[in-house]
Q: 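Below you will find the structure I want to go over with you.
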Amino acid sequence: MIDPIPVYEVGLANQSPELKLDEPNEGTQLERSIYVRVGDIYRERTVLSRKVGSNRRELTDILGHNLETTSMCLIESKATAALQETRDKPTTRKVSNVEKHITRGLKQLCGAIDSVRGGEQIFDDGGEEIWLSSDRRTYSIHAIVLVSEMYFAVDWSAVARELVEISNRDRYSALFHVLDLQELSYLIAHSGNPERFSNALDQHWFHMKKKGTAYVRAKFLTSGYRELI
């Protein structure tokens, strides 16, 4: 029996304390921060700057996979400062930019999943092929758009509807998420291995669907922690 993970909604934006929204190199900084954290789950099977196909086009920003559990996490990093957001921009423009880049990230993830499911060769940044299970349809895939800030003014209900709609497409057989680094770090810290991490993301997604908003936070019990299976 799997104990449900308590999750609650938040009404104000929370940004990762490790990132500054006006940092000019925030895009690179955010991507490397994600890579380090995902590496805590997938270890040496975490890859930064992957390529796919004979023309070695980019697959996705960060890929983590586990052969034993045939689970995979694909992440597209979208940093606020990298999108030239400033305090001087009107709220409506900030919201528009964030929403557009969430949509773009989801489109990129859809393409990445097509490549994975379709059996294309995948290479790391050193040109070495990444070996996956021979039957890629068996992979449990979580596809994440990772933003530096869950900007409070975004229509997170509309984002949730989009995430559910794409996740329900048989073509992808994956669950799609929008998280920030703080939430991803929290999920990783209270998982510890690929199986628990995948289960935590499952529960996070189903709570998002139930509540009808992508603006949610997972809250784990730090004492008496029960094993997720």
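Since we're looking at a predicted model, the values are computed, not measured.
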Q: Does R43 have any salt bridge (charged side-chain N to carboxylate O under 4.0 Å, His left out) partners at least two apart in sequence or in another chain, and if so, which?
A: none
Q: Got a sec, which residues hit salt bridge (charged side-chain N to carboxylate O under 4.0 Å, His left out) with E129, two or more places apart in sequence or on another chain?
A: none
Q: Where do D40 and T46 land on the side chain to side chain contact (heavy atoms under 4.5 Å, CB included) test, with the steps shown first?
A: CA-CA 9 Å; D40 288 339; T46 308; over 6 Å; no
Q: So does N97 get a backbone contact from the side chain of H101, meaning a donor-acceptor N/O pair under 3.5 Å?
A: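 Yes, the answer is positive, given that a donor and an acceptor are paired below the 3.5 Å cut-off.
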Q: So C110 and Y172, side chain to side chain contact (heavy atoms under 4.5 Å, CB included) or not? Walk me through it.
A: CA-CA 7 Å; C110 288; Y172 303 120; 3.5 Å; yes
Q: Using modelled atom types only, decide if a donor and an acceptor are shared between the side chain of S96 and the backbone of T92 within a distance under 3.5 Å.
A: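 The answer is no, because no donor-acceptor pair under 3.5 Å joins these two groups.
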Q: Apply salt bridge (Lys or Arg N to Asp or Glu O under 4.0 Å) to residues R196 and D202 and explain how you reach the verdict.
A: CA-CA 10 Å; R196 291 183 179 183; D202 285 343; over 6 Å; no
Q: I'd like to check L163 versus M208 (side-chain heavy atoms, cut-off strictly below 4.5 Å). Are they in contact?
A: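 Yes; the side chains approach each other to less than 4.5 Å.
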Q: With sequence neighbours left out, what residues match R104 under side chain to side chain donor-acceptor pair (under 3.5 Å)?
A: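 R104 satisfies side chain to side chain donor-acceptor pair (under 3.5 Å) with no other residue.
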Q: Among all residues two or more places apart in sequence or in another chain, which pass the side chain to side chain donor-acceptor pair (under 3.5 Å) test with H177?
A: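 With neighbours one apart ignored, the set is H142.
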Q: Show, in sequence, the C-alpha distance, side-chain angles and deciding distance for I144 and C73, and conclude whether the side chain to side chain contact (heavy atoms under 4.5 Å, CB included) test is met.
A: CA-CA 7 Å; I144 301 172; C73 180; 3.7 Å; yes
Q: Identify the two heavy atoms, one from A160 and one from A214, that lie closest to each other, and give their separation to 0.1 Å.
A: CB-N, 3.6 Å
Q: I'd like to know if the side chain of S115 and the backbone of G111 have a donor-acceptor N/O pair within less than 3.5 Å.
A: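 Flag set: sc S115 to bb G111 pair under 3.5 Å.
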Q: Can you name the nearest heavy-atom pair linking L74 to T60, along with the distance?
A: CD2-CG2, 3.8 Å
Q: Can you check whether M150's main-chain N or O pairs, donor with acceptor, with Y215's side chain at less than 3.5 Å?
A: yes
Q: For L67, does its backbone N or O pair with a side-chain atom of T70 as donor and acceptor, under 3.5 Å?
A: no
Q: Find out whether Y151 and T91 are in side-chain contact, i.e. whether some heavy atom of one side chain is under 4.5 Å from a heavy atom of the other.
A: yes
Q: Measure the shortest side-chain to side-chain distance between L109 and V145 over non-hydrogen atoms and say whether it is less than 4.5 angstrom.
A: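 Yes, close enough: below the 4.5 Å cut-off.
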Q: For Y186 and A218, work out which heavy atoms get closest and say how close.
A: CE2-O, 2.9 Å
Q: Go through the structure and list residues passing side chain to side chain donor-acceptor pair (under 3.5 Å) with S173, not counting sequence neighbours.
A: R137
Q: I would like to know whether N168 and F176 meet side chain to side chain contact (heavy atoms under 4.5 Å, CB included); could you show each step before the answer?
A: CA-CA 10 Å; N168 285 338; F176 289 77; over 6 Å; no
Q: Compare all side-chain heavy atoms of D61 with those of I75 and state whether any distance is below 4.5 angstrom.
A: no
Q: For T69 and N66, test the side chains for any donor-to-acceptor distance below 3.5 angstrom and give the result as yes or no.
A: yes
Q: Using modelled atom types and a 3.5 Å cut-off, is there a donor and acceptor pairing between side-chain atoms of R37 and backbone atoms of S185?
A: no
Q: Just to verify, what does A158 make a side-chain contact (heavy atoms from CB on, under 4.5 Å) with, not counting sequence neighbours?
A: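 Counting only residues at least two positions away or on another chain, A158 forms a side-chain contact (heavy atoms from CB on, under 4.5 Å) with D155, R161.
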Q: H204 pairs by side chain to side chain donor-acceptor pair (under 3.5 Å) with which of E183, R217, K209?
A: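 Testing H204 for a side chain to side chain donor-acceptor pair (under 3.5 Å) against E183, R217, K209 leaves exactly one candidate, E183.
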